[in-house]
Amino acid sequence: VSGIVVLAALGMTWGLGTPAERLHYFAKYADLLLAPLLIMLPMTAADRRRALIALTAALALTLLLSYAFRLGLMPQGLESERRTPTNPWVFKRHITHGLFMAFACMLAAIYGLKARSGTMRRLSGWIAVLAAGGVLMVDGRTGYLVLAVTAAYLFIHRWRGRGLAVVLAAAALLGVVIVHVPGAPSVELITMGVQEMRAWEYGRNDTTSMGLRMQYLATTVDIIKDHPIIGTGTGGFETAYREKLASYQSGLSSTNPHNQYLLMMAQFGPIGLCAIIGLGIVLWGSSRRLAEPGRLLAPGLVVAYGAGG
C-alpha cells in the first residue's frame, strides 16, 4: 500500500495534467495510507471481532433497506432517475452496492462454513441467499461478476477438485440460461451487455453502457502505447484521454477507464500494473497468519476487489 502511495507521489513530478489535477488524484491514493495506520493500531482479537460484527451489521442494514425499497415499503420520494424499485440500491450507486452485497454473500457463507451449530449454519445460508438476491436485484454487472468469482473461490477452497467441477458446471449452466432464458432480468442485463460489445465500433459515438467501456478500454490502450515506460503520471490520464479524443474527433471524455489495472498502467507504466498486482499477492500471502474467519475472508476480499477492479 505504501509503495503505491509513494509511486503516486513520484508520479506528480512528470507527465500530463495540471498541478491541481495531479494533487487531486494523489489525494485519492493517499487515502490508502489509512489501511497501514489501522493495521498498526493495538487491536486485540476482541476488537477485531467487534469490527467484523460492525461491518456485518452495516451490510445487513444495506441489504434490508434494499429489499424494503424493492417491495415498496420505503417512504415515497426516494426514487430517482437511476434508483427505482427494480434497481433498489441504497447508500452507494448500483455498481458499488452490488459489490458490497456480493461481499456480504461471501461473508455470510463463510460464517456458515465456520459455524459450529446447525442453526447458525442454516441462518447464515439463508442470509447468503438473500445477499445474492441483493446483487441480482440491481443493474450492476460488476456485482454479478464479483458474486460469481467469490462463489467460485469458496467452492474451490471448500471442496477442491469437486468444487472446481461444480464451478465449471455452473458456468456451463449459466451459458445455457443466457441463450435459452434471455427474458430473466439479470440474464437480460448480461445479454444486453454482450450485444452492446458486439455492436461497438471504434471511434463511433456509442453511449451504451458496454459501448462506453469498450471505448474506454481501446482509448486507454492507445494511451499506454503512447506512454509505455513511465505513463502519463499521477492525474495525467484525464488530460491524455481528452487529447486522444480530440485527435479522434469522437467519443465522450472520461476521468478513468473503469478498469483499475489499465488506469495504473496508463499513469505509471508497467511498474504501476506490477504494484497493484503485487498488493493483491502480499495481502493473499499475509492472510495465512490470520485467525479464522479472517484466514478465509481476507483472500476472498482480494478476489472480490481483484475482479471488481
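Scope of the values below: all heavy atoms of this structure, side chains included, with no hydrogens, waters or symmetry mates. Given the structure is predicted, the values throughout are model-derived calculations rather than measurements.
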Heavy-atom donor-acceptor pair, Arg158 side chain to Gly163 backbone, under 3.5 Å: no
Under 3.5 Å: donor-acceptor pair, side chain of Ser254, backbone of Pro257: no
Met137-Met106 co-clustered via ILVMFWY side chain contacts under 4.5 Å: yes
Same cluster (ILVMFWY, side-chain, under 4.5 Å), Ile229 and Ile271: yes
Check: Thr119/Ser117 side-chain N/O donor and acceptor closer than 3.5 Å: no
Contact check, side chains of Tyr305 and Val146, non-hydrogen atoms, under 4.5 Å: no
Least distance between heavy atoms, Pro36 atom then Ser2 atom: CG-OG, 4.3 Å
Closest non-hydrogen atom pair between Cys105 and Leu147, with its separation: SG-CD1, 3.8 Å
Distance-minimising heavy-atom pair for Pro42 and Asp47: O-OD2, 4.2 Å
Test log, rule side-chain contact (heavy atoms from CB on, under 4.5 Å), inputs Leu73 and Phe69: CA-CA 6 Å; Leu73 303 178; Phe69 193 57; over 6 Å; no
Pairwise distance OH(Tyr153) to CD1(Ile110) - rounded to 0.5 angstrom: 6.0 Å
Distance in Å, Glu196 CD paired with Thr208 OG1, rounded so as to fall on 0.5 Å steps: 4.0 Å
Joint hydrophobic cluster, Trp126 plus Leu123, side-chain heavy atoms closer than 4.5 Å: no
Full working for side-chain contact (heavy atoms from CB on, under 4.5 Å) between Ile230 and Phe268: CA-CA 5 Å; Ile230 60 174; Phe268 311 117; over 6 Å; no
Heavy-atom side-chain contact between Val6 and Leu10 under 4.5 Å: yes
OG1-CG distance between Thr232 and Leu263, expressed to the nearest 0.5 angstrom: 8.0 Å
Flag side-chain contact, heavy atom, 4.5 Å: Thr255 against Tyr25: yes
Check: Ala8 main-chain N/O paired with Thr234 side-chain donor or acceptor under 3.5 Å: yes
Where Phe26 and Val5 come nearest, the two heavy atoms and their spacing: CE1-O, 3.7 Å
Test item: Glu243 side-chain N/O and Ala240 main-chain N/O as donor-acceptor pair under 3.5 Å: no
Set of side chain to side chain donor-acceptor pair (under 3.5 Å) partners for Asn259, sequence neighbours left out: none
Heavy atoms from other residues, nucleotides or ligands near CZ of Arg295 exceed 12 (cutoff 6.0 Å): yes
Within-4.5 Å side-chain heavy-atom neighbours: Arg93 and Arg83: no
Step-by-step side-chain contact (heavy atoms from CB on, under 4.5 Å) determination, Val303 to Trp284: CA-CA 9 Å; Val303 169; Trp284 185 288; 3.5 Å; yes
Co-membership, hydrophobic cluster, residues Leu296 and Ile156, 4.5 Å side-chain: no
Any side-chain donor near an acceptor of the partner, Thr18 and Arg22, under 3.5 Å: no
Whether over 12 other heavy atoms sit under 6.0 Å from Tyr67 OH: yes
Shortest non-hydrogen separation from Val302 to Gly280 and the atoms involved: CG1-O, 3.8 Å
Same cluster (ILVMFWY, side-chain, under 4.5 Å), Ile127 and Leu55: no
Close side-chain approach of Ser66 to Met101, heavy-atom, < 4.5 Å: no
Straight-line distance of Leu113 CG to Arg121 CZ, nearest 0.5 Å: 9.5 Å
Side chains of Leu297 and Phe103 in contact at under 4.5 Å (non-hydrogen atoms): yes
Donor-acceptor contact below 3.5 Å, side chain Asp139 vs main chain Leu189: no
Trace of the side-chain contact (heavy atoms from CB on, under 4.5 Å) decision for Leu7 with Gln267: CA-CA 10 Å; Leu7 184 60; Gln267 289 186 112; over 6 Å; no
Within 6.0 angstrom of Arg242 CZ, more than 12 heavy atoms from elsewhere: yes
Smallest separation among heavy atoms of Lys225 and Pro228, with atom names: O-CD, 3.5 Å
Straight-line distance of Ile53 CD1 to Arg49 CZ, nearest 0.5 Å: 7.0 Å
Contact check, side chains of Leu52 and Pro293, non-hydrogen atoms, under 4.5 Å: yes
Asp226 with Lys244: basic N within carboxylate O range, under 4.0 Å: yes
From Asn256 atom CG to Lys28 atom NZ, the distance as rounded to the nearest 0.5 Å: 8.5 Å
Test log, rule side chain to side chain donor-acceptor pair (under 3.5 Å), inputs Ser209 and Arg141: CA-CA 10 Å; Ser209 176; Arg141 283 175 285 247; 3.0 Å; yes
Side chain proximity check, Thr62 to Trp89, heavy atoms < 4.5 angstrom: no
